[in-house]
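Quick notes on the structure that follows.
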Amino acid sequence: MLLKSSLLAAAVQMAAAQELMRFGCSQLTIDRIDPLVEPGNMPSAHMHQIIGGNSLNASMHPDDHDPPTVSTCTSCTYSEDFSNYWTANLYFRARNGTYKRVPQFANLGLGVEAGMTVYYIRGYQPSAKVTAFPPGFRMLVGDPTNRQASTMQKGLCYRCEANMQQNPFGGAPCTGQDTQAFPKQACGGGWRVTVHFPTCWDGKNLDSPDHKSHVAYPASGTFETGGACPSTHPVKVPQIMYEIMFDTRAFNNKAEWPEDGSQPFVWSMNDTTGYGLHGDYLFGWKGDALQRAMDGKCSGDRCAPLQRQTDQAAIDCIKSQSVKEDIGDDWLPTLPGW
């Protein structure tokens, strides 16, 4: 218990020292919709786990859908954040060919249920400044059809945790022993999956046909080193990062893994490599709240410029499925949609 408390304190101190606005969002829903890539389709191609504002639906066109106006609650602890954030679901494929959803759990120091940890990062230099996203903004990072390490976008990775205390600490995300592919070994503390988004915007388009071209990475250096944005995308925006904690411990019995010993996990888009890791973001902060947070150098999940609700209020914000189907909490013969 003492070790766990020490690790939690260290995590909080590190976030404060680096001004990492890090907060939890409980699970809003698990559903086969995708308002960014497949607006209006019910069902979409694969299952997603989704957090944020409860105005989520299959369409959400930026011209007529303003999440802070039409949402009545958010599953995020910052109560002015009605954005939606989502990724694919992770499944375990047993030796007999059946599938079961891998549950999520709250990250260290956060009191939410399942869902994700969300970061908004102003920068790592005292003078760093960023411009908050405008209403209607959305973007995608990663590619659900990708199956090669060489074509993955930056900042997408997996960490096999040795224990639930995440001890020893493995360093910054996507460094050290982190991998682009699914971990190949049994992990005593589950997986931490990290998704970083680009940090430069063209300053004009809220979206683009591929949901990527309106954003870019620094022209030189990195966001972490304060690298300048390219002239085509001159506006530096906050770095958004997701951390999703998957509790793989129930599936560590290798007698249930494939007979050849290969790893048994699969994303909901039927990716057995891990290279299809991707994340979707649809901005929905109320008014100028995000800009106030960045200018106020917010860190952690409590910050004077922002309103915060209780963890329980965030947990209580849920939304029923739009596409009614089994999500895989019991064994399934096939992946949803496959």
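Residues: numbered from 1 along the sequence shown.
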Say whether, by atom type as modelled, one donor and one acceptor occur between the side chain of [X] and the main chain of [Y] under 3.5 angstrom.
X	Y	answer
Q104	I244	no
K212	G142	yes
D210	S213	yes
R32	M47	no
N54	C73	yes
S75	A314	no
N163	N167	yes
T248	F251	no
R192	E161	no
W267	Y275	no

So, for [X] and [Y], which heavy atoms are closest and what is the spacing to 0.1 Å?
X	Y	result
F265	L90	CB-CD1, 4.1 Å
P67	L282	CG-CD2, 3.9 Å
R249	G190	CG-N, 4.3 Å
R95	W257	NE-O, 2.6 Å
P336	Y91	CG-OH, 3.7 Å
D143	H278	N-CB, 3.8 Å

Just verifying a value: how many Å separate [X] [atom1] and [Y] [atom2], rounded to the nearest 0.5 Å?
X	Y	atom1	atom2	answer
C157	M152	SG	CE	8.0 Å
K236	T131	NZ	OG1	10.5 Å
L332	D330	CG	CG	8.0 Å
I33	L56	CD1	CG	4.0 Å

Among side-chain atoms of [X] and [Y], is any donor-acceptor pair under 3.5 angstrom?
X	Y	answer
Q27	E113	no
K286	Q307	no
N107	T117	yes

Of Y281, F283, Y119, the residue whose pairing with Y85 passes ring pair (Phe, Tyr, Trp, His ring centres under 6.0 Å):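 When ring pair (Phe, Tyr, Trp, His ring centres under 6.0 Å) is applied between Y85 and each of Y281, F283, Y119, only Y281 qualifies.
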Determine whether D202 and T232 make a side-chain contact, defined as any pair of heavy atoms from C-beta on separated by less than 4.5 Å. no
Would you call D271 and R147 a salt bridge, taking side-chain N to carboxylate O under 4.0 Å as the test? yes
Do the charged groups of E256 and K100 touch, with an N to O distance under 4.0 Å? no
Identified side-chain contact (heavy atoms from CB on, under 4.5 Å) partner of R159 from the options V193, D178, T194, T179: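 Passing option: D178.
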The side-chain contact (heavy atoms from CB on, under 4.5 Å) partner of F197 among L140, I240, V215 is I240
Which is it for L28 and N84 under the side chain to side chain contact (heavy atoms under 4.5 Å, CB included) test, yes or no, and what are the steps along the way? CA-CA 9 Å; L28 178 71; N84 287 115; 3.9 Å; yes
Applying side chain to side chain donor-acceptor pair (under 3.5 Å), run through N146 and T151 and close with a yes or a no. CA-CA 7 Å; N146 183 55; T151 47; 2.4 Å; yes
Residue pairs, two or more places apart or on separate chains, that pass side chain to side chain donor-acceptor pair (under 3.5 Å) and touch residues 59-71: S55-H65, S55-S71, D66-T69
Step by step, would you call F223 with Y217 a side chain to side chain contact (heavy atoms under 4.5 Å, CB included)? CA-CA 8 Å; F223 177 82; Y217 298 97; over 6 Å; no
Hydrophobic cluster membership, with links at side-chain heavy-atom distances under 4.5 Å among I/L/V/M/F/W/Y: are [X] and [Y] in one?
X	Y	value
V141	V235	yes
V102	Y99	no
V195	I51	yes
L36	M42	yes
V266	I30	yes

Using the side-chain hydrogen bond (donor to acceptor under 3.5 Å, both in side chains) criterion, which residues pair with S322? Sequence neighbours excluded. D31
Residue pairs passing the ring pair (Phe, Tyr, Trp, His ring centres under 6.0 Å) test with at least one member in residues 148-167, sequence neighbours excluded, are Y158-F182, Y158-W191
[X] [atom1]: over 12 foreign heavy atoms closer than 6.0 Å:
X	atom1	result
Q185	CD	yes
K254	NZ	yes
K204	NZ	no

Evaluate the side chain to side chain contact (heavy atoms under 4.5 Å, CB included) criterion for residues L20 and M241: first the C-alpha distance (whole Å), next the side-chain angles of each, then the deciding distance (0.1 Å), finally the verdict. CA-CA 10 Å; L20 308 181; M241 182 175 77; over 6 Å; no
Fit a plane to each ring of H46 and H48, take the angle between them on a 0 to 90° scale, and name the class: parallel (under 30°), tilted (30 to 60°) or perpendicular (over 60°). tilted
Using the ring of each side chain (for Trp, its six-membered ring), is W285 parallel, tilted or perpendicular to F23, with breaks at 30° and 60°? perpendicular
So C303 and Y78, side chain to side chain contact (heavy atoms under 4.5 Å, CB included) or not? Walk me through it. CA-CA 9 Å; C303 183; Y78 280 125; 3.4 Å; yes
